[in-house]
Amino acid sequence: MRRPCKVAAALLCLAVLLLLYLLAGSAAPPPAPPSAPARRPPRLGRSPPRRSPGGSASARKPAEQKHPKEPSSLQCMHLAVVACGDRLEETLIMLKSAVLFSNSRLCFHIFAEDSLKPEFEKKLKEWPSSYTKKFESNIYPITFSVGNAQEWKKLFKPCAAQRLFLPVILKDVDSLLYVDTDVLFLRPIDDIWHLLREFNSTQLAAMAPEHEIPKIGWYSRFARHPYYGSTGVNSGVMLMNLTRIRSTQFKNSLIPGGLTWEEMLYPLYQKYKNYITWGDQDLLNIIFYFNPECLYVFPCQWNYRPDHCMYGSNCRGAEDEGVSILHGNRGVYHDDKQPTFKALYEVIRDFPFEDNLFQSLYYPLQSKFLDTVHTLCGRIPQVFLKQIEKTMKKVYENRVIVYLGANHRY
């Protein structure tokens, strides 16, 4: 008699767990626990010791000289973006993708033209409270501390050069992630933020290569100025330890000695302004050409662009692990040249915050991808779906644990 009773009890427990899982999948995100009193975010890294001008370390082997392990729990991950002109919607969709998937609290640093500030404030306040609790935002005017402001503002794209001045403006921020407005996160920002712990004692910034194949890369074929490595680097996704940047003396082609970041920017621009094509990105390439030991190079799946698939797949990291951060440069979100990129942008844009992620985001994305198989990028849908599917599964697993814990308490 006892044996059937035990079996029945076990089946009943299993049914309850299954019911809770289904409820968690269709419900809105549970309310976040009460936040602790605001405190100054912990500093991520110590300022590196002053290095000799000839010192160097491998930018691709960060494990050799890692600095002491950073704190495991961060109060805030800092995300910076610069928006001018018609970039309001793009920026909001980028921020939305960050909030949807990230686990830790976010601090947004939005640099925008004065006319865009009220629009940002209005749109962010319209988001559901279950998501606005996950971030705080600060909106700054466009400012340049050295040189001619109008020259800086017109360099390459409107206001893009603002990113060069982040170490000077955000003096109380230790580390941050800068991204262009046309970026989408397909996994938690927590994962790229953890790469800060991989920096060795001289590294102070991280970027991905501009291209994977030197013979078809832009810098290796057309650049008229120094650039990092064999293909240059792309600055659309840039992880920075601002404390180290502010305290480092950089080698340069201007004077025999070192210069601070702020001292170097305008003279460097004056020297190379007639030779650069991609504005501030070219200046960053020049800086890290002379200071290669300062750069950590992360793989292409952290800054995946149309170049990685439009001529055939050439990002091995994305093939193995899936795209982590999508960078829709070349305006591909707004034309029909790369429908796979456009599909991801539109699905995240149209996703209602409180809806089921699988039903209202993942399945529509799969459906849209069926219309892109005639393109080279569309022939590899698993590259775009792998990380986002993995991230969604983790979101629901966490929700089930939260609901089970709540039921256990009460």
A.B. asks: Working to the nearest 0.5 angstrom, can you tell me the gap between L184 CG and I93 CD1?
C.D. replies: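 Separation between the atoms: 8.0 Å.
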
A.B. asks: Is it true that, when you exclude K342 itself, more than 12 heavy atoms of the residues, nucleotides or ligands shown sit nearer than 6.0 Å to its NZ?
C.D. replies: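 Enclosed.
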
A.B. asks: Given 3.5 Å as the limit, does a donor-acceptor pair link the side chain of S220 with the main chain of P214, or not?
C.D. replies: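 At least one qualifying donor-acceptor pair exists.
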
A.B. asks: With distance as the sole criterion, is a donor-acceptor pair present between the side chains of E319 and S313 under 3.5 Å?
C.D. replies: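 A donor-acceptor contact under 3.5 Å links the two side chains.
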
A.B. asks: In terms of relative ring orientation, are F358 and Y362 parallel, tilted or perpendicular, with 30° and 60° separating the classes?
C.D. replies: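 Answer is perpendicular, since the angle exceeds 60°.
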
A.B. asks: Please determine, by modelled atom types, if D282 and Y219 share a side-chain donor-acceptor pair under 3.5 angstrom.
C.D. replies: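 Short answer, yes.
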
A.B. asks: Just one of H211, M207, M238 clears the side-chain contact (heavy atoms from CB on, under 4.5 Å) bar with V233, so which one?
C.D. replies: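 The single option meeting the side-chain contact (heavy atoms from CB on, under 4.5 Å) with V233 is M207.
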
A.B. asks: If we ignore hydrogens and angles and just use 3.5 Å, is the side chain of T372 paired with the main-chain N or O of F369 as donor and acceptor?
C.D. replies: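 A pair under 3.5 Å: yes.
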
A.B. asks: Taking the basic N atoms (NZ, or NE/NH1/NH2) and the acidic carboxylate oxygens, is any pair closer than 4.0 Å for E389 and K393?
C.D. replies: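 Looking at E389 and K393, the cut-off is met.
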
A.B. asks: What is the distance from atom CG of L357 to atom CG of L100, rounded to the nearest 0.5 Å?
C.D. replies: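 One gets 6.5 Å once the value is rounded to the nearest 0.5 Å.
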
A.B. asks: Go through the side-chain N and O atoms of R187 and S324 and say whether any donor and acceptor fall under 3.5 Å apart.
C.D. replies: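 R187 vs S324: donor-acceptor pair found between side chains.
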
A.B. asks: Using a distance-only test with no angle check, is there a side-chain donor-acceptor pair under 3.5 angstrom linking H109 and Y140?
C.D. replies: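 Checked: H109/Y140 side chains pair up, N/O donor to acceptor below 3.5 Å.
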
A.B. asks: Between N329 and P306, is any pair of side-chain heavy atoms under 4.5 Å apart?
C.D. replies: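 Yes, close enough: below the 4.5 Å cut-off.
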
A.B. asks: Nearest 0.5 Å, what's the CG-CZ distance between L92 and F120?
C.D. replies: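 Result: 5.5 Å between the selected atoms.
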
A.B. asks: Do any N or O atoms from the side chain of K117 and from the backbone of P141 form a donor-acceptor pair under 3.5 angstrom?
C.D. replies: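 No, because the side chain of K117 does not come within donor-acceptor range (under 3.5 Å) of the backbone of P141.
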
A.B. asks: SG of C377 to SG of C309, below 2.5 Å?
C.D. replies: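 Taking the criterion (SG atoms under 2.5 Å apart), C309 and C377 satisfy it, so yes.
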
A.B. asks: Could you tell me if the ring centre of Y345 sits under 6.0 Å from that of Y333?
C.D. replies: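 Ring centroids of Y345 and Y333 are less than 6.0 Å from each other.
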
A.B. asks: Could you tell me whether K251 and E293 make a salt bridge, using a distance below 4.0 angstrom between a side-chain N and a carboxylate O?
C.D. replies: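 Salt bridge between K251 and E293, a charged N being under 4.0 Å from a carboxylate O: yes.
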
A.B. asks: Please check if any side-chain donor atom of N234 sits under 3.5 Å from a side-chain acceptor atom of E210, or the reverse.
C.D. replies: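 The answer is yes; a qualifying pair exists.
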
A.B. asks: Could you tell me if K96 sits above the aromatic ring of F353, with its cationic atom closer than 6.0 Å to the ring centre and no more than 45 degrees from the axis?
C.D. replies: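 Yes - K96 lies over the ring of F353, closer than 6.0 Å to its centre and within 45° of its axis.
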
A.B. asks: Less than 6.0 Å separating the ring centroids of Y131 and W127?
C.D. replies: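 So the answer is no for these two rings.
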
A.B. asks: Verify the distance criterion only: is there a donor paired with an acceptor across the side chains of S235 and Y178 at less than 3.5 Å?
C.D. replies: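 Judged by distance alone, the side chains do not pair up.
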
A.B. asks: What is the ring orientation for H225 with Y227, classed by angle as parallel under 30°, tilted 30 to 60°, or perpendicular over 60°?
C.D. replies: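 The arrangement is perpendicular - the two ring planes meet at more than 60°.
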
A.B. asks: Among residues at least two apart in sequence or on other chains, which ones pass side chain to side chain contact (heavy atoms under 4.5 Å, CB included) with F108?
C.D. replies: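 If we apply the side chain to side chain contact (heavy atoms under 4.5 Å, CB included) test to F108, skipping adjacent residues, the hits are L79, L95, V99, L106, I110, F135, S137.
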
A.B. asks: Below 4.0 angstrom, N of the basic side chain to O of the carboxylate: do R163 and D180 qualify?
C.D. replies: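 Counted as a salt bridge, because a side-chain N and a carboxylate O are separated by less than 4.0 Å.
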
A.B. asks: Check this for me: does any side-chain nitrogen of one of E136 and R105 sit under 4.0 Å from a carboxylate oxygen of the other?
C.D. replies: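 So E136 pairs with R105 through a salt bridge.
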
A.B. asks: Can a salt bridge be assigned to the pair D182 and R330 using a cut-off of 4.0 Å between side-chain N and carboxylate O?
C.D. replies: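 Here D182 does not pair with R330 in a salt bridge, since their nearest N and O are not under 4.0 Å apart.
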
A.B. asks: Using a strict 4.0 Å threshold on nitrogen-to-oxygen distance, state whether E346 and K368 make a salt bridge.
C.D. replies: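 The answer is yes: the pair qualifies as a salt bridge.
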
A.B. asks: Do E119 and K122 sit within salt-bridge range, that is, some charged N less than 4.0 Å from a carboxylate O?
C.D. replies: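 No, E119 and K122 are not salt-bridged.
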
A.B. asks: Is it the case that the ring center of F384 lies less than 6.0 angstrom away from the ring center of F341?
C.D. replies: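 Yes - the distance between ring centres of F341 and F384 falls below the 6.0 Å cut-off.
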
A.B. asks: So how far is it from F250 CZ to N291 CG, rounded to the nearest 0.5 Å?
C.D. replies: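 Atom-to-atom, F250:CZ and N291:CG are 6.0 Å apart.
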
A.B. asks: Look up atom CG in N314 and atom CD1 in I213, then write down how far apart they are to the nearest 0.5 Å.
C.D. replies: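 N314 CG to I213 CD1: 4.5 Å, rounded to 0.5 Å.
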
A.B. asks: May I ask you to check whether F144 and F165 place their ring centers less than 6.0 Å from one another?
C.D. replies: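 Yes: the rings meet the under 6.0 Å criterion.
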
A.B. asks: The test is ring-ring contact (aromatic ring centres under 6.0 Å, His included); show your working for Y289 and Y228 and say whether it passes.
C.D. replies: CA-CA 4 Å; Y289 168 84; Y228 178 87; 9.0 Å; no

A.B. asks: Hey, could you give me each pair passing salt bridge (Lys or Arg N to Asp or Glu O under 4.0 Å) that has a residue in residues 256-273? Not counting sequence neighbours.
C.D. replies: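 Found E151-K273.
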
A.B. asks: Donor-acceptor check, side chain of D190 to backbone of N103, threshold 3.5 angstrom: yes or no?
C.D. replies: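 Checked: pair present.
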
A.B. asks: Which distance, rounded to the nearest 0.5 Å, do you find between the OG1 of T243 and the CG of L204?
C.D. replies: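 So the OG1 of T243 and the CG of L204 are separated by 10.5 Å.
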
A.B. asks: Hey, does the side chain of H308 reach the backbone of R305 with a donor-acceptor pair shorter than 3.5 angstrom?
C.D. replies: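 Confirmed, H308 side chain pairs with R305 backbone.
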
